[in-house]
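One structure is given here, and the rest of the page talks about it.
Residue numbers start from 1 in every chain, and the chains themselves are labelled A, B, ... in the order their sequence lines are given, proteins ahead of strands. Model, not experiment: these values are computed from the prediction.
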Protein chains: 2
Amino acid sequence: SMNIHGYMNNSGYEEVRAAVAKSINDKFLTTFTQNNILMTVGAAGGLNVIFKTLLNPKDEVITFAPFFGEYRSYVKNYEGELVIVAPNTINFQPNLEEFKKKITPKTKAVIINSPNNPTGVIYTKATIIELSKIMKEKQKEFGTDIYIISDEPYREIAYDDAEVPYLSNYYANTIIGYSFSKSLSLPGERIGYLVIPDQAADYINIIAAANIANRILGYVNAPSLFQRVIAKCLYAKVDIEAYNKNRELLYSGILAYGYQCIKPQGAFYLFVKSPIENDVEFCNLAKMKNILIVPGSAFGCPGYVRIAYCVAYKTIEKALPGFKALIEEVKLPYYKSPI
Amino acid sequence: SMNIHGYMNNSGYEEVRAAVAKSINDKFLTTFTQNNILMTVGAAGGLNVIFKTLLNPKDEVITFAPFFGEYRSYVKNYEGELVIVAPNTINFQPNLEEFKKKITPKTKAVIINSPNNPTGVIYTKATIIELSKIMKEKQKEFGTDIYIISDEPYREIAYDDAEVPYLSNYYANTIIGYSFSKSLSLPGERIGYLVIPDQAADYINIIAAANIANRILGYVNAPSLFQRVIAKCLYAKVDIEAYNKNRELLYSGILAYGYQCIKPQGAFYLFVKSPIENDVEFCNLAKMKNILIVPGSAFGCPGYVRIAYCVAYKTIEKALPGFKALIEEVKLPYYKSPI
């Protein structure tokens, strides 16, 4: 038969999607098929596709501070409203009491990110169970469907064999966004997927609309060569030992200098209390010592800073004296804010 | 220095952008630098980025039928209104008289596509000069900036050494969207670029906003490996001889059967007058003979059908008897529409 030029299904190659589904089933005892998988242009592409699919103007999406700052744009792109639950700075698990109060009849989705950027915290099984319980109650109370969108680019980067609960095993209306950028060290390659389970309310319409959204948002399909590549790497054990060594060195180092910080369980970030109140100012001081860190304000959590340790070990060794000098400087009795 | 994970500038690798700029300069006597180039996730990604950048709600974008149907979605994604100029079915050059009347103070952009999908027609130099003249006059009349967005995925596929005018040489407010999918036969790889010339009104803001749009729309950056790949292929001569042989075979074949069609000068499509009024019905009849063609209605031009010839030569040989049988069937005196 005559046929149009060789683009694949907008959801991706059938056999790649089947392989992805099988690998998830093998790891998390789920029962997905290729019909639950949509290959995306990275996790960012996947999140845009699912927000385009789910959101009507003024719909609310809840997230827990600190959170990946791009969520603001992704939700706003489709005229949704991002509702932020204040951070729980004791252990950076979600603040579920405040969460409960912020769910309204307009809440369409809750986006979570664990292991978390910027804290490195993994949301515990107890957290996930309680979160799911609250959402089920609220769905019943309001007669609505509220989706969990689980943004999981750091799933494979969990230290000390920490468990990262698989959300669809706890809550039916779960949609998972995954990226291979971090797990396979392919930043820049833009390859990931969405999981849309059969159990999700309105599954048939969501999967069809997401396929169309992938097309009309101009992604068209996930890059084809890297679809083939990742299909060969689905069972590759991610070597996180290098990150782990960095984590130990950086964490113990800055703790010894007097910084306050919880130990990250995953990802490759340390979220540190700024020794001065103004986190932006502290980042500027660090920059003068050639240390690039990001203010917590960017993640909805002022007063903290994020240090990334996905760098060479010796880069951290070289940076440590700078961190020491920084905290000594701002703790001097005559230190005055330059602002 | 400590640094975040290895993503590049959202606009793409500096050296790739510089190489792209140089290759355009060499071919079209332009004077672009890397600062005029933004690498995109295919042409579709580029068009979404530029519409996100340029459009405010209710802004109008004009296009000429027949046109690539996805423009409807791309414009609607950013709350713009697509304004369609009716087709000129004599030679499928744009209908410039009607165009003139449809430009309003709300016209933000005009999107053209030459060589054209679905007609294969190349807009002539005379057309481009007249189009530019009209737009300059209207800009003056309304005191507005009106951008030409030139969507050029088929630029390299031009037969008989036909010239495809380079738009920025005719009109200052030109933005060019390019894709390597067709020229390098990389469908599915999602790699292209936008050219935003210094001369374009509001250049500084547009280039900055487009960089941000690329990020917040979730493209983040064009796939990195294929940025490197295309940088090595910028001067590769595209071999269009296979397409050309297909074109000659298909065109002469269906003409001999009594179909009406203008000879395409570029791309790999034939746009044929449907032998029955209802083009959708004709496509359904064709499907029963295992021939997949697309109704002109999808391109804003009912009464026509698009045949793609980016297929194997022998596929066309096999399809020709089907086309013959089809037209004979619908021309039988007792033929009645099955609808």
Side-chain angles (χ1 to χ4, degrees), chain A residues 1-8 13 40-49 52 70 72-74 76-77 79 181-182 185-191 212 215-227 268 286-287 289-294 306-311 315-316 318-319 322, chain B residues 1-8 13 40-49 52 70 72-74 76-77 79 181-182 185-191 212 215-227 268 286-287 289-294 306-311 315-316 318-319 322:
Chain A
S1 69
M2 300 279 288
N3 210 330
I4 57 162
H5 207 232
Y7 289 95
M8 73 209 70
Y13 291 116
T40 61
V41 174
L47 294 179
N48 274 273
V49 163
K52 171 90 173 173
E70 297 293 87
R72 291 188 188 96
S73 302
Y74 299 167
K76 202 177 156 199
N77 283 342
E79 298 177 69
S181 299
K182 278 81 179 183
S185 279
L186 294 174
E189 286 309 342
R190 320 304 303 125
I191 179 82
I212 292 171
R215 197 192 85 220
I216 69 176
L217 288 177
Y219 301 115
V220 184
N221 54 254
S224 43
L225 176 67
F226 274 90
Q227 286 194 46
F268 34 60
K287 202 173 176 185
K289 294 198 157 38
N290 242 347
I291 293 175
L292 297 182
I293 57 182
V294 181
R306 188 193 75 173
I307 311 174
Y309 55 84
C310 48
V311 295
T315 305
I316 296 174
K318 276 192 208 161
Chain B
S1 69
M2 300 279 288
N3 210 329
I4 57 162
H5 207 232
Y7 290 94
M8 73 208 71
Y13 291 117
T40 61
V41 174
L47 294 179
N48 274 273
V49 163
K52 171 90 173 173
E70 297 293 88
R72 292 189 187 97
S73 302
Y74 299 167
K76 202 177 158 199
N77 283 343
E79 298 177 69
S181 299
K182 278 81 179 184
S185 280
L186 294 173
E189 286 309 342
R190 320 305 304 125
I191 179 82
I212 292 171
R215 197 192 85 220
I216 68 176
L217 288 177
Y219 301 115
V220 184
N221 54 253
S224 43
L225 177 66
F226 274 89
Q227 286 194 46
F268 34 60
K287 203 174 176 184
K289 294 198 157 37
N290 242 347
I291 293 175
L292 297 182
I293 56 182
V294 181
R306 188 193 76 173
I307 311 174
Y309 56 84
C310 49
V311 295
T315 305
I316 296 174
K318 276 192 208 160

Top of A/Ser73, A/Ala222, A/Gly322 for chain B proximity - count of heavy-atom pairs under 4.5 angstrom: A/Ser73

Winner by heavy-atom pair count (cut-off under 4.5 Å) against chain B, out of A/Asn77, A/Ile191, A/Val41: A/Asn77

Distance (rounded to the nearest 0.5 Å) between B/Tyr219 OH and A/Asn48 CG: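 Interatomic distance, B/Tyr219 OH to A/Asn48 CG, rounded to 0.5 Å: 8.5 Å.
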
Approximate separation, where rounding is to 0.5 Å, of A/Phe226 CZ and B/Leu225 CG: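 Answer for the CZ-CG pair, A/Phe226 versus B/Leu225, is 5.0 Å.
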
4.5 Å side-chain heavy-atom contact, A/Ile216 and B/Arg72: no

Least distance between heavy atoms, B/Pro223 atom then A/Pro223 atom: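 Residues B/Pro223 and A/Pro223, closest heavy atoms: CG-CG, 3.8 Å.
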
Closest non-hydrogen atom pair, A/Asn221 against B/Arg190: O-CG, 3.4 Å

Part of B/Leu217 within contact of chain A (heavy atom distance under 4.5 Å):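 Both backbone and side chain.
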
Per-residue contact mode, B/Arg215 against chain A (heavy atom under 4.5 angstrom):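 Both backbone and side chain.
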
With A/Ser224 via side-chain hydrogen bond (donor to acceptor under 3.5 Å, both in side chains) - residues at least two apart: B/Glu189

Sequence-distant partners of A/Lys289, side-chain hydrogen bond (donor to acceptor under 3.5 Å, both in side chains), two or more places apart: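 A/Lys289 satisfies side-chain hydrogen bond (donor to acceptor under 3.5 Å, both in side chains) with A/Glu329 once adjacent residues are dropped.
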
Heavy-atom contact with chain B under 4.5 Å, split by part of A/Lys287: neither

